[in-house]
J.: 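To start, I am sharing the structure in question, which I have written as structure tokens.
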Amino acid sequence: MSPRQSSSGDGSRNGGFWRRCPMARWVYIEDLKQHVGEEVELRGWLHNKRSSGKIRFLIVRDGTGFVQVVAVKNQVAPEVFARLDDLFYEASIILRGKVREDARAPGGVELDLVDLSVVQNPEDYPIPKVREENIPDVGKLLPLRHLWIRGRRQWAILRIRDEVVRALEDFMHARGFIRLDPPILTAMAVEGTTTLFKIDYFGQPAYLSQSGQLYMEALAMSHGKVYSFGPTFRAEKSKTRRHLAEFWMMEPEWAYATLEDLLDLVEDMLVYVVARVLEQRKTELDILERDTSRLEAIRKPFPRITYDDAVKLLQEKGFDFPFGEDFGADEETAISESFDRPVMVTHYPAKIKAFYMKRDPEQPDRARCVDVLAPEGYGEIIGGSEREEDHDTLVRYIQEHNLPLEPYRWYLDLRKYGTVPHAGFGLGLERTVAWITGIHHVRETIPFPRLLDRIYP
RNA sequence: UCCCCGGUAGCUCAAUCGGUAGAGCGGCGGGCUGUUAACCCGUAGGUUGCAGGUUCGAGUCCUGCCCGGGGCGCCA
């Protein structure tokens with residue numbers, strides 16, 4: 001039996017509810033089209049209902065989609081029909097019905113109700129029936145996040161998140177990278193301790209990881225091409241739509257690779273991920289009313305510009321931008337809006353970048369690095385670079401950044417024993433998903449966002 | 001850390017110059033055999049965030065506080 005088949009149950013094994021109707025097979029809404037004409041069983045929740053005299057329309061969701069269930073008086077048992085009027089939103093229900101193709105239905109199929117049983121009927125669901133004119137504000141929705149995720153938009157966003165994750169993993173494996181994850185508890189800072197969450201580790205100070213990169217460099221010297229995928233933590237007091245205190249990052253690290261190798265990889269990767277979401281998550285993009293023409297434009301080649309080009313671009317647009325500074329949110333937006341696809345900005349001034357980045361031999365004040373800015377003002381979704389591989393140079397960089405040498409002893413070992421040129425990057429999952437889904441704020445792209453002063457639920 | 005905006009019914013919002021606190025949605029009751037986050041009729045629902053002040057009179061003006069949102073910096 002394939003994994004796919006096992007997801008639809010053979011009701012007879014589950015006992016309880018389904019013994020009552022052994023002839024109807026439990027199916028999921030996403031599979032209904034394969035059961036036209038059959039009587040099937042759905043197990044889900046009541047999402048919405050409408051009534052018109054002697055006909056009732058229930059919108060039922062089961063996690064895989066939404067479907068309309070129709071009940072006409074005199075065509076269903078009277079006690080079943082009467083039960084429908086007592087149902088509240090989010091009632092958990094199990095129902096049997098006959099699958100019928102119908103051009104009027106958004107998904108192409110509907111169910112004619114035969115029987116319905118109520119698992120639980122909640123009388124006071126805290127999120128009101130949501131209509132465009134009265135969507136509660138986020139201050140009220142966030143404390144109800146555990147219920148908010150049942151909503152249509154949140155459902156669509158999180159399904160696309162899953163697709164992005166799997167697309168990234170499939171792509172990396174197809175390119176010969178293997179997944180190996182670094183520790184989350186660490187004793188050292190990658191870029192200084194000010195933005196780290198400090199914890200008590202058996203009496204020793206430790207931190208939640210803000211990046212697994214240094215460990216990934218060690219793994220790259222063992223496996224050549226590696227990537228990690230996991231949570232990272234930044235104790236930044238940020239209150240913007242692009243920031244979370246806990247977010248997920250994919251961090252590839254590639255031995256013997258150059259900046260140019262990295263740019264080619266990033267380009268292929270983003271093209272693949274966007275195409276896969278367009279192909280596999282059409283329904284969800286429709287729910288979100290995403291302008292898919294903006295996603296269809298994501299093709300090779302991506303523009304590659306240097307920091308100097310970007311500064312010139314800003315100055316042409318009327319920005320009073322001082323050379324040598326890092327771009328702020330307004331600048332990133334202005335740069336990205338000059339292109340219809342992600343723009344790769346390289347060769348930033350080394351002094352505004354992390355200590356481990358390799359300098360460009362032809363311009364020693366520039367780092368061999370790249371920031372990828374997503375279109376439509378979604379900001380930086382990827383940051384990467386070649387890493388300095390020379391031991392003594394790296395020691396000097398650490399000292400210049402006023403970082404202690406001792407915690408980096410193992411990291412410096414990598415440069416003492418078979419050091420090679422290498423490069424890697426980090427991709428911010430939530431920002432990438434926010435861009436692809438076209439939603440305004442990254443907090444809706446993660447199931448339970450961790451924000452400044454918000455850790456519940 | 002700083003700057004900006006907001007807080008009125010369960011939710012989203014009105015309330016003119018300081019002069020009787022309203023509407024839509026949701027709830028409840030009723031109607032409708034094809035609705036697409038349905039529609040129609042009716043109905044209940046308020047310490048206007050808190051504390052003070054000005055005034056004949058404060059949702060509205062002033063002061064302080066609390067809570068929320070957004071932005072800056074930092075970053076993915």
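We name chains A, B, ... by the order of the sequence lines, and we start the count at 1 in each one.
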J.: Give the rounded distance in Å between these two atoms: CG of A:Leu452 and P of B:rC67.
T.: 13 Å

J.: Can you work out whether A:His440 or A:Asn74 has the more 5'-proximal nearest nucleotide on RNA chain B?
T.: A:Asn74

J.: Taking a pair as Watson-Crick or G-U wobble with both distances under 3.5 Å, which nucleotide is matched to B:rA51?
T.: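 The base-pairing partner of B:rA51, which may sit in any strand shown, is B:rU63.
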
J.: Under 3.5 Å for both donor-acceptor distances, Watson-Crick or wobble: does B:rC74 have a partner, and if so which one?
T.: none

J.: Report yes if a donor N or O on one partner sits less than 3.5 Å from an acceptor N or O on the other, where the partners are the side chain of A:Glu110 and the base of B:rG34; otherwise report no.
T.: yes

J.: A:Trp155 ring centre to A:Arg152 NZ or CZ under 6.0 Å, with the angle to the axis within 45°?
T.: no

J.: For the pair made of NZ in A:Lys140 and P in B:rC11, what is the distance, rounded to whole Å?
T.: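 Rounding to the nearest Å, NZ of A:Lys140 and P of B:rC11 are 5 Å apart.
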
J.: Using the P atoms only, state how far B:rU63 lies from B:rC11, rounded to an integer number of Å.
T.: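 Here B:rC11 and B:rU63 have their P atoms 29 Å from each other.
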
J.: Would you check if the distance from the ring center of A:Phe171 to the ring center of A:Phe177 is below 6.0 Å?
T.: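 No, the ring centres sit 6.0 Å or more apart.
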
J.: In this structure, how many angstroms lie between the C1' atom of B:rG34 and the CG atom of A:Leu111, rounded?
T.: 16 Å

J.: Assess the side chains of A:Asp309 and A:Thr306: does a donor N or O sit below 3.5 Å from an acceptor N or O?
T.: yes

J.: Distance check, C1' atoms only: B:rC66 and B:rA76, in whole angstrom units.
T.: 34 Å

J.: Might you list the N or O atoms of the protein lying below 3.5 Å from N or O atoms in nucleotides 38-42 of chain B, with each pair's distance?
T.:
| residue | atom | partner | partner atom | Å |
| --- | --- | --- | --- | --- |
| B:rA38 | OP1 | A:Asn48 | ND2 | 3.4 |
| B:rA38 | OP1 | A:Lys129 | NZ | 2.8 |
| B:rA38 | OP2 | A:Asn48 | ND2 | 2.8 |
| B:rA38 | OP2 | A:Arg50 | NE | 2.2 |
| B:rA38 | OP2 | A:Arg50 | NH2 | 2.6 |
| B:rA38 | O5' | A:Arg50 | NE | 3.4 |
| B:rA38 | N6 | A:Ser51 | O | 2.1 |
| B:rC39 | OP1 | A:Arg131 | NH2 | 3.1 |
| B:rC39 | OP2 | A:Arg131 | NH1 | 3.3 |

J.: For A:Gln75, which contact category applies under a 4.0 Å heavy-atom criterion: base, sugar-phosphate, or nothing?
T.: nothing

J.: NA contact type, A:Leu244, heavy-atom cut-off 4.0 Å: base, sugar-phosphate, or nothing?
T.: base

J.: Can you tell me if A:Glu217 and A:Tyr356 form a side-chain donor-acceptor pair at under 3.5 Å?
T.: no

J.: Side chains of A:Glu169 and A:Tyr227: do they bring a donor and an acceptor to under 3.5 Å?
T.: yes

J.: Please state the C1' separation for the pair B:rG18 and B:rU12 - nearest whole angstrom.
T.: 27 Å

J.: Checking base pairs now: Watson-Crick or wobble, both atom distances under 3.5 Å. What partners B:rC39?
T.: B:rG31

J.: Do A:Arg450 and A:Phe233 meet the cation-pi criteria used here (NZ or CZ under 6.0 Å from the six-membered ring centre, within 45° of the axis)?
T.: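 No.
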
J.: Pick the nucleotide of RNA chain B nearest each of A:Leu451 and A:Lys237; which residue has the one closer to the 5' end?
T.: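 Checking each residue's closest nucleotide, the 5'-ward one belongs to A:Leu451.
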
J.: Mind checking if A:Asp326 touches a base, just sugar-phosphate, or nothing, with heavy atoms under 4.0 Å?
T.: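 Since only primed, P, OP1 and OP2 atoms lie under 4.0 Å of A:Asp326, the category is sugar-phosphate.
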
J.: Could you give the distance separating B:rC61 and B:rC5 at their P atoms, to the nearest angstrom?
T.: 13 Å

J.: In whole Å, what separates the C1' atom of B:rA38 from that of B:rG24?
T.: 15 Å

J.: Taking atom types as modelled and ignoring hydrogens, do the side chains of A:Asp261 and A:Thr258 form a donor-acceptor contact shorter than 3.5 angstrom?
T.: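 A pair is found: one side chain offers a donor N or O, the other an acceptor, under 3.5 Å apart.
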
J.: Using the C1' atom as the point on both nucleotides, what is the distance between B:rG70 and B:rA58, in whole Å?
T.: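 Roughly 29 Å separates the two C1' atoms.
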
J.: Check if the side chain of A:Ser238 and the base of B:rC75 share a donor-acceptor pair of N or O atoms closer than 3.5 Å.
T.: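 Counting by modelled atom types and ignoring angles, no donor-acceptor contact under 3.5 Å is found here.
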
